[in-house]
Number of protein chains: 2
Amino acid sequence: MTTVRVLLADDEHLIRGALAALLALEDDLVVVAEAATGPEALAMALAHRPDVAVLDLEMPGADGVSVATSLRAELPDCRTMIVTSHGLPGHLKRALAAGVRAFVPKTVSARQLAGIIRTVHAGNRYVDPELAADAISAGDSPLTAREAEVLELAADGAPVAEIAERASLSQGTVRNYLSAAASKLGAENRHAAVRLARQRGWV
Amino acid sequence: MTTVRVLLADDEHLIRGALAALLALEDDLVVVAEAATGPEALAMALAHRPDVAVLDLEMPGADGVSVATSLRAELPDCRTMIVTSHGLPGHLKRALAAGVRAFVPKTVSARQLAGIIRTVHAGNRYVDPELAADAISAGDSPLTAREAEVLELAADGAPVAEIAERASLSQGTVRNYLSAAASKLGAENRHAAVRLARQRGWV
DNA sequence: CACAGCTCATGACAAACGTCATGGGATGAG
DNA sequence: CTCATCCCATGACGTTTGTCATGAGCTGTG
């Protein structure tokens, strides 16, 4: 029997600890390291060279996907997987693009998670069926690069003047992009557009 | 030794299961029921009459605080406590007003949580020191009831006309409230005001 | 090469929004 | 009772927006 060396990264101590305890019950899994932040996860991975890194999507410092990206470069043999509370379609896409092998919502049971870790370790992929369906039905972002960028700058309710300055664009151009983005998303105004784009993980 | 009967409510199966397993290690605690949604938590509580209800703040159906409110009315002997990932000051306030005995971020360890459950069962309260400090420094909401209501309706980027209709107010009145709210919060416009109010848990 | 698509800009117009002054009715504290 | 505060409204003003037309430079594809 091969044992799988696992790295666990989650900023919530309660969950990380509990998870470690549950995974320890599976006798072919061993948690070799834990981390509470993105950078820490990276450091721990380099130090302990786990077979599989289980990364929370939302962590301080660097999110799961960017950790996965770094990991892919620095530790190619380590498979990565993402667990998350909020299963936005866009996140799934970003994750897969970063070479993540599994994308799992926290609504699964520990036993299922253990199974998925084995699946990933065996070289296969796993994506939660429901999330996959959402991602497919949500489709690709219709926004161009600049539209997305400007929309993101508009996210905190800043006036056009400020967005224009931060993006080094003229105010007119910003309004054009905002208008285009809103109409592509079927939103009444840029603020609603921001909400929609967020929901679909396009920002 | 008295044993404490605990209800566990969290929509994330992974966490709920893991938590149950960890609490089971404490021999004076016994998890008598689990729930994944607000209404389910309520039903389980009525059926199993636990000593302490550990409620996640964000759950489908009804959030932790409203469950606690119902519980207070229907099962006064049951102490309630809230665990949450996002410790917004306003939530803490709402929770305490609802008679919740403890408010804990998920960054604590399972051992600490067990201790807090005992504290609560003994009739005492517990509030995470950091959250308490935030809540105090954030202060009370300066918004009047209507201002908060209108601000909430503005949350999804709806135009004034729609807000006015939904609140049964004139458009002028809505704009006045929005303007007042934004200036009280020091925001540039209503959208930024919504963000700020959300951050502080005032909506 | 021609064509399509993205990028950036300008100008102009209508609609939406923020702000202010003003006032009447309700309510609660002193 | 009086005063402050909130609630609701109206009208008016200037500003910020969304939208549209138009055009120029750039890039990649067929």
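Within 4.0 Å of Ala145(B), counting heavy atoms only, lie sugar-phosphate atoms of the nucleic acid but no base atom. Here Asn176(A) lies in heavy-atom contact (under 4.0 Å) with a base. Within 4.0 Å (heavy atoms only), Thr173(A) reaches at least one base atom of the nucleic acid.
Arg190(A) has a side-chain polar atom (N or O) that falls below the 4.0 Å cut-off from OP1 or OP2 of dG18(D). Distances shorter than 4.0 Å separate none of the side-chain N or O atoms of Ser170(B) from OP1 or OP2 on dC8(D). Remark: Arg146(B) is not in phosphate contact with dC6(D), judged by side-chain N or O atoms under 4.0 Å from OP1 or OP2.
Residue Leu178(A) has its side chain nearest to dG18(D) when only dT10(C), dG18(D), dC8(D) are considered.
A side-chain contact (heavy atoms from CB on, under 4.5 Å) with Leu153(B) is found for exactly one of Glu165(B), Arg166(B), Glu162(B), namely Arg166(B).
The existence of a salt bridge linking Asp77(A) and Arg49(A) is excluded, since no basic side-chain nitrogen approaches an acidic carboxylate oxygen closer than 4.0 Å. Salt bridge Arg79(B)/Asp51(B): absent, no basic N to carboxylate O contact under 4.0 Å.
To the nearest angstrom, P of dG18(D) lies 11 Å from CG of Asn189(B). Summarising the geometry, the separation between CD on Glu188(B) and C1' on dT15(D) is reported as 13 Å, rounded to the nearest angstrom. Rounded to an integer number of Å, the gap from Arg175(A) CZ to dT7(C) C1' is 17 Å. Rounded to whole Å, atom P of dG18(C) lies 13 Å from atom CG of Leu185(B). In this entry the distance linking CG of Leu143(A) with C1' of dG5(C) reads 15 Å, nearest Å. Atom CD of Gln171(B) is separated from atom C1' of dA12(D) by 15 Å (rounded to the nearest Å). Protein atom CD of Glu147(A) is 8 Å distant from nucleotide atom P of dC6(C), rounded to whole Å. Spacing between atom OH of Tyr177(A) and atom P of dG5(C) amounts to 15 Å, rounded to whole angstrom units.
Counted within 6.0 Å of CD on Gln199(A), heavy atoms from surrounding residues, nucleotides or ligands total more than 12; the atom is thus considered enclosed. More than 12 heavy atoms of other residues, nucleotides or ligands shown are found within 6.0 angstrom of CZ on Arg195(B).
If Lys184(B) and Leu169(B) are placed on DNA chain D by their nearest nucleotide, the residue sitting closer to the 5' end is Lys184(B). Each of His191(B) and Thr144(A) lies near DNA chain C, and the nucleotide nearest Thr144(A) is the one positioned closer to the 5' end.
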